[in-house]
Amino acid sequence: MEEKPSKVSLKSSDRHDSDKESVHSDIRDLWTTTTLSQAQLNMPLSEVCEGFDAEGRSISKTRGWDSPGSRSLDEGDKASHKPEEIDEHALVELELHRGSSMEINPGEKDTASQIEAEKSSSMSSLNIAKHTPHRAYWAEQQSRLPLPLMELMENEALEILTKALRSYQLGIGRDHFLTKELQRYIEGLKKRRSKRLYVN
Amino acid sequence: MRLKKGSFLWYLYLDKIYCLLSVRNVKALAEYFHILDVHGKNTLNDVLFYHFLHHVTDLKKAQINIVFDMLDWNAVGEIGFEQFYMLVCMLLAHENHLEGQFMYRHSRPVFDLLDLKGDLRIGAKNFGMYRFLFNIHKQELKDLFHDFDVTGDNLLNYQEFKLYTIIYIDKLQRRQKTEEKEKEDRKRSLYSKRKCHMK
């Protein structure tokens, strides 16, 4: 027997925690600034892009951060911890480094010393680039749940949501935006699961 | 009411003294809730809630509906994570035979949940509707109102309810002590028998 959905409240009770959003933007900034620092070294595009998929999201081999449906990467993780110390330290280093490299260029008249200064700045940015992606990576790792547990949760959720989709279709119709949203979400969840299976 | 074996909730456990989930378990549960939160509102509507509970327990449709009505204390037609957490704790308490302990430790929130009308009183009918959550038999419920309705209005106020939970726990602890003592006595008698036999 299918459950007819009552009118779902459209009240936009925004319960998204702003702190959690800023956490996810911090992680994203860390990855973004890493990419920028790498770009300064004129690295080949393939090396810069190897950590990201076609949609610009970071690819993780252990747990897919790819969120199902239309959800963004940041909204996908609401249970992660805050790697604030790592963020701030890395960002401060990068900013200091960028600041120092900008100060050097306008004041310098001697081209040889200018080139040397640029080299030293690029070397230090290389060092930062070496450490920053690892820090971001480990920060993400610490906030993750074990993969078998994630698999169990997702498989179970998929079964539940597939049944819920039938109720939605019977109750509010196939063309309702909520039904379509649920359908997209389920497809995204299946995609993520198959990606993980393919990787394994 | 039983949890489906092998389901995600089946792997969680409550602390036996405080009847709460550990931080690690809460984190996993939050992630699970988030996966079920299809529309990105940090809530589950009635349809999602029904299918979730139908999948993980053996509750009937009518029981699931009244559980939803009980948890939807703001009457918004959706369940947030707080209510979801409360429900999971109740399910796990039932599964691990910790219903009495749970009611004792969390008497206030349980009372507030059962107080459907909001008049700071629980009637026998309302309590009877939800007795399946706490594994209370019909006769036990009758005895409860008979023994603890001090005011005689056929309604339980919070003090009377709290008194019931305290006495329930006290009885439970005495029963456990008696059982442990009997076990020890049996072990000793077995040991002494074997000793005599060997001689």
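Given the structure is predicted, the values throughout are model-derived calculations rather than measurements. Lettering follows sequence order; numbering is per chain, from 1.
- When side chains are defined from C-beta on, A:Leu149 does not count as touching B:Tyr11, because their heavy atoms never get closer than 4.5 Å.
- Nearest heavy-atom pair across A:Ser167 and B:His51 is OG-NE2, 2.6 Å.
- B:Leu155 and B:Leu113 fall into different hydrophobic clusters, where Ile, Leu, Val, Met, Phe, Trp and Tyr residues are linked whenever their side-chain heavy atoms come under 4.5 Å apart, directly or through other members.
- Cluster annotation: B:Val23 is not connected to B:Phe8 through the hydrophobic network of ILVMFWY side chains, with a link wherever side-chain heavy atoms come within less than 4.5 Å.
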Exercise for the section: For B:His39 and A:Glu181, run side-chain hydrogen bond (donor to acceptor under 3.5 Å, both in side chains): C-alpha distance rounded to whole Å, both residues' side-chain angles, the deciding distance at 0.1 Å, then the answer. Expected result: CA-CA 7 Å; B:His39 304 296; A:Glu181 194 174 24; 2.8 Å; yes
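- Atoms OH and NZ, on B:Tyr50 and A:Lys163 in that order, are 9.0 Å from each other to the nearest 0.5 Å.
- Of the atoms belonging to A:Leu161, it is side-chain heavy atoms, and not backbone ones, that fall under 4.5 Å from chain B.
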Would you list the atom pairs, donor with acceptor, under 3.5 Å between side chains in residues 90-112 of chain B and any protein atom, with sequence neighbours excluded?
unit_1   : atom_1 : unit_2   : atom_2 : d
B:His94  : ND1    : B:Met1   : O      : 3.2
B:His94  : NE2    : B:Phe132 : O      : 3.4
B:Glu95  : OE1    : B:Leu3   : N      : 3.0
B:Glu95  : OE2    : B:Arg2   : NH2    : 3.3
B:Asn96  : ND2    : B:Leu92  : O      : 2.8
B:Gln101 : NE2    : B:Lys16  : O      : 3.4
B:Gln101 : NE2    : B:Ile17  : O      : 3.0
B:Arg105 : NE     : B:Ile17  : O      : 2.9
B:His106 : NE2    : B:Tyr18  : O      : 2.8
B:His106 : NE2    : B:Cys19  : O      : 3.2
B:Ser107 : OG     : B:Tyr158 : OH     : 2.9
B:Ser107 : OG     : B:Lys162 : NZ     : 3.2

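- Taking a 6.0 Å sphere around CD of B:Gln176, one finds it holds more than 12 heavy atoms contributed by other residues, nucleotides or ligands.
- Rounded to the nearest 0.5 angstrom, B:Glu31 CD and A:Met153 CE are separated by 5.0 Å.
- The shortest distance between side-chain heavy atoms of A:Tyr185 and B:Ile35 falls below 4.5 Å.
- In the hydrophobic clustering of ILVMFWY residues, with side-chain heavy atoms under 4.5 Å counting as a link, B:Ile167 and B:Ile136 come out together.
- In terms of non-hydrogen atom pairs under 4.5 Å with chain A, the most contact-rich of B:Leu48, B:Val26, B:Ile64 is B:Leu48.
- Side-chain atoms of B:Asn45 and A:Tyr168, non-hydrogen and from C-beta on, do get closer than 4.5 Å to each other.
- Hydrophobic clustering places B:Ile166 together with B:Leu172 (ILVMFWY residues linked when any side-chain heavy atoms are closer than 4.5 Å, directly or through intermediates).
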